[in-house]
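In what follows, a structure is listed as structure tokens, so that the remarks can point back to it.
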Amino acid sequence: MKLSTPIIEAICNSYPEVDVSDFIFSTPPTLELGDMAVPMFPLAKKMRKAPHVIAREIAATIEGNDHIASATATGPYINFKLNRAHVGAGIIDAILKAGKQWGSNASGVGQKVLIEHTSINPNASPHVGRGRCAMIGDSITRLLRFEGYDVEVHYYVNDMGRQIGLLVLIADELENLTFDQILDAYVTANQRAKEDPEFAQRGYDLLARIEDGDPEIQRKFHDVTDLCLRGQLAVLERLNVSYDVFDKESLYINDPRLKLIEHALTETGALFTDEKERRVVDLSKLGYQPEEGRYFVLRRANGSSMYGCRDLVYSMDKQEKGASLTMMVLGEDHKLYAQQMALMLEASGVPAPEVVYYAYILLKDGKMSTRQGKVVLLADFLDQASERARERVAEQFPDLSNEEHDAIAEQVAVSAIRFAVLRVKSNKNVTFDMESALSFQGDTGPYIQYSCARIRSILRKSEVPIPEKSDSLFCVSTDAEWSLLLKLTSFTEVVADAATQRVCAPIANYALELAHTFTSFYHDCPVLTAGDPNVTNMRLLLCCATLQTLSNALHLLGIETPERM
RNA sequence: GCCCCGAUAGUUCAGUGGAUAGAACGAGCGCCUCCUAAGCGCUAGACACAGGUUCGAUUCCUGUUCGGGGCACCA
């Protein structure tokens, strides 16, 4: 039950004319003032009385019960104190009963979602900017699954196009191209295409041939793409990011459904052949206002299709898979493009996907640049972070095996990067600083994992059995315990808001706050050495509930919690 | 030039139409015979600027400045 429900009931009992929508709950600045506050400003207008007068009147009529200990008017607010033992026991029991499901509102049960994310061009090992897309997409997937949605994750493989053509040319020259060489090869290829028109033309020729279905060329494109994709997926897998379905761009080249789209666009008068024999969509015919970005080219003069062509069919294909919601995670550089696609899709009777955008990750000295080698590769970060974490764990737990050291180190490294990226709202540029990301101190993923490890340590050492639920002697004797209980119970609401808004940053920040609240409790309230068996019991329950909540929150972020660290 | 995002402490980030704007890093001072010091406590420090809406704006709106992204044959 929500903490606010008994309060609403109590007020409505005395004031039947008050409507639920008049309530805005907030938290008083300090626990001394109360646990929950209701400001009287909205009611003041309705009842034509000063807020502090109403507060005093209403507070006087409220009687304590199981849930409510007291109601006090403080200026224009009514501050409620809750019955700590009763409410606290209810919170603990709800968490332990729900277990791994604790926090879920089950808002997505029975609904299917198709989400596409990451879809990196197969040309290099992914850097942290690309990783932002993967981590956001993966966390939204986890969040929606947690809420009960049936989610299918798709990855669009850009296995053709000019860049792959150039890469194929280079691969032909160098034999046995490896994944590690691909970035260099890609940079070289682009450089040459710029300086050598003949080389560039050969790349375009390859595109025309693959579109004609030349099997030899298809094989070459496939080999280069596959090499690259496998290398990229290995890195993403280290980050706990996974996909269900891989859709190859090349499969959509000569898709008959494109004709349907072109037909629909022609019907609206938007699709025309321009003076250079290109097939162009005039988006202003579809309701697009600005002059910039008004025209969208579907086919080159020679009839070969542009990227957008295949993407239109791909979007149609995704929509036809029967999901009630289709989503994409895109960099903000794709905003205009996605808007253009949406207009063309809708004109063709295909609903546009819902898009989550993310802004770029910057480095301290500016933008990342693949060409200048100014990037932080995910693999490099993970290697360094893992190495650092390993040294620490090996020193602290020499009894554990090498494999265990490695496993913990990797979990810590992944948590460092995932947390650092996910805690920032996705529409903001993030400045990534290698040193602070590697430090594991302060507001970091490892800090939260550390809190979990401390809880596990207590549970391991407990000589009394861990209780499964609260008993009649449950009591909350300190503010530290009570603050922790209040923090725990707010998880459900955090999840609900995050899921409806398709954001994961609030989950990350919640986990951090909860870890801080737990640590205060940890320092103030001895568990095993409390002296009173009832207090120990209660605190053990509190530890279990906190561990469950932190684990659930971290799971949504794709972060695991080691037993020791 | 036009369009879309953003601007909170020295730095990196939270947050809210209402009671004292939170952390962390960095700086200074403390704390391990005590469940893991990847920790804790204390001190110093911020809502870019100007208007407007409102009983009340850091939050909503407009403008300015600064930063990021985009604007037809790349994908």
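Side-chain atoms are counted along with the backbone in the values below, which use heavy atoms only and exclude waters and symmetry mates. Every chain is numbered from 1, with letters handed out A, B, ... down the list of sequences.
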Between [X] and [N], is there a contact of a side-chain N or O with OP1 or OP2 at under 4.0 Å?
X       : N      : result
Y295(A) : A72(B) : no
K461(A) : U36(B) : yes
K364(A) : U11(B) : no
N427(A) : G6(B)  : yes
K425(A) : A14(B) : no
Y204(A) : C74(B) : yes
T431(A) : C13(B) : yes
Q396(A) : U36(B) : no

For [X], answer base if it contacts any base atom (sugar-phosphate contacts may also be present), sugar-phosphate if it contacts only those atoms, and nothing otherwise; contact means non-hydrogen atoms under 4.0 Å.
X       : result
A359(A) : nothing
L336(A) : sugar-phosphate
P290(A) : nothing
C525(A) : base
G293(A) : sugar-phosphate
K367(A) : sugar-phosphate
V157(A) : nothing
T519(A) : sugar-phosphate
Y360(A) : sugar-phosphate

Give me the distance, rounded to whole Å, that separates [N] from [M] when you measure between the [atom1] atoms they each carry.
N      : M      : atom1 : result
A46(B) : A14(B) : C1'   : 13 Å
G26(B) : G17(B) : P     : 32 Å
C61(B) : U53(B) : C1'   : 7 Å
U58(B) : A19(B) : C1'   : 16 Å
U8(B)  : C3(B)  : C1'   : 27 Å
A44(B) : G52(B) : P     : 35 Å
A48(B) : U59(B) : P     : 8 Å
C74(B) : A21(B) : C1'   : 45 Å

Check your understanding: Atom CG of D333(A) to atom P of C71(B): distance rounded to whole Å?
Key ->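 To the nearest whole Å, that distance equals 9 Å.
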Of the candidate nucleotides [options], which contains the atom at the shortest distance from the side chain of [X]?
X       : options                : value
V527(A) : C35(B), C40(B), A75(B) : C35(B)
V424(A) : C35(B), C13(B), A38(B) : C13(B)
S457(A) : U36(B), C71(B), A38(B) : U36(B)
E292(A) : A7(B), A72(B), G1(B)   : G1(B)
E332(A) : A37(B), G69(B), A72(B) : G69(B)
V430(A) : C13(B), U36(B), A14(B) : C13(B)
R454(A) : A75(B), C35(B), A37(B) : A37(B)

Given 3.5 Å as the limit, does a donor-acceptor pair link the side chain of [X] with the main chain of [Y], or not?
X       : Y       : value
T529(A) : P526(A) : no
Y288(A) : D282(A) : no
K81(A)  : E32(A)  : yes

Check your understanding: Syn or anti: how is C32(B) classified when any glycosidic angle within 90° of 0 counts as syn?
Key ->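 Here C32(B) takes the syn form, which means its glycosidic angle is within 90° of 0.
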Review point. Do Y77(A) and S26(A) have side-chain N/O donor and acceptor atoms under 3.5 Å apart?
Key: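 Note: Y77(A) and S26(A) side chains miss the donor-acceptor criterion.
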Check your understanding: Among side-chain atoms of T188(A) and Q191(A), is any donor-acceptor pair under 3.5 angstrom?
Key ->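 Side-chain D/A pair, T188(A) to Q191(A): absent.
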Exercise for review: Kindly indicate whether a cation-pi arrangement holds for K335(A) with Y357(A), taking the cut-offs as under 6.0 Å to the six-membered ring centre and within 45° of the axis.
Suggested key: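 Yes.
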Using a strict cut-off of less than 4.0 Å between a Lys/Arg side-chain nitrogen and an Asp/Glu carboxylate oxygen, indicate whether [X] and [Y] qualify as a salt bridge.
X       : Y       : value
R564(A) : E404(A) : no
R388(A) : E435(A) : yes
R294(A) : E291(A) : yes
E354(A) : R502(A) : yes

Point to revise | Parallel, tilted or perpendicular: rings of Y307(A) and Y337(A) (30°, 60°) | key: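 Aromatic pair Y337(A)/Y307(A) classed tilted.
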Check your understanding: How are the rings of Y252(A) and Y156(A) set to each other: parallel, tilted or perpendicular (split at 30° and 60°)?
Key ->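 If you compare the ring of Y252(A) with that of Y156(A), the planes turn out tilted.
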Review point. How does RNA chain B read in dot-bracket, base by base from 5' to 3', with Watson-Crick or G-U pairs under 3.5 Å and | used when the partner is on another strand?
Key: (((((((..((((....[...)))).(((((.......)))))....(((((..]....))))))))))))....
Are any protein N/O atoms closer than 3.5 Å to N/O atoms in nucleotides 19-23 of chain B? If there are, list each pair with its distance.
from: A19(B); atom 1: N6; to: N79(A); atom 2: OD1; distance (Å): 3.1
from: A19(B); atom 1: N1; to: N79(A); atom 2: OD1; distance (Å): 3.2
from: A19(B); atom 1: N1; to: N79(A); atom 2: ND2; distance (Å): 3.2
from: A23(B); atom 1: O2'; to: D443(A); atom 2: OD1; distance (Å): 3.0
from: A23(B); atom 1: O2'; to: D443(A); atom 2: OD2; distance (Å): 2.9
from: A23(B); atom 1: N3; to: D443(A); atom 2: OD2; distance (Å): 3.4

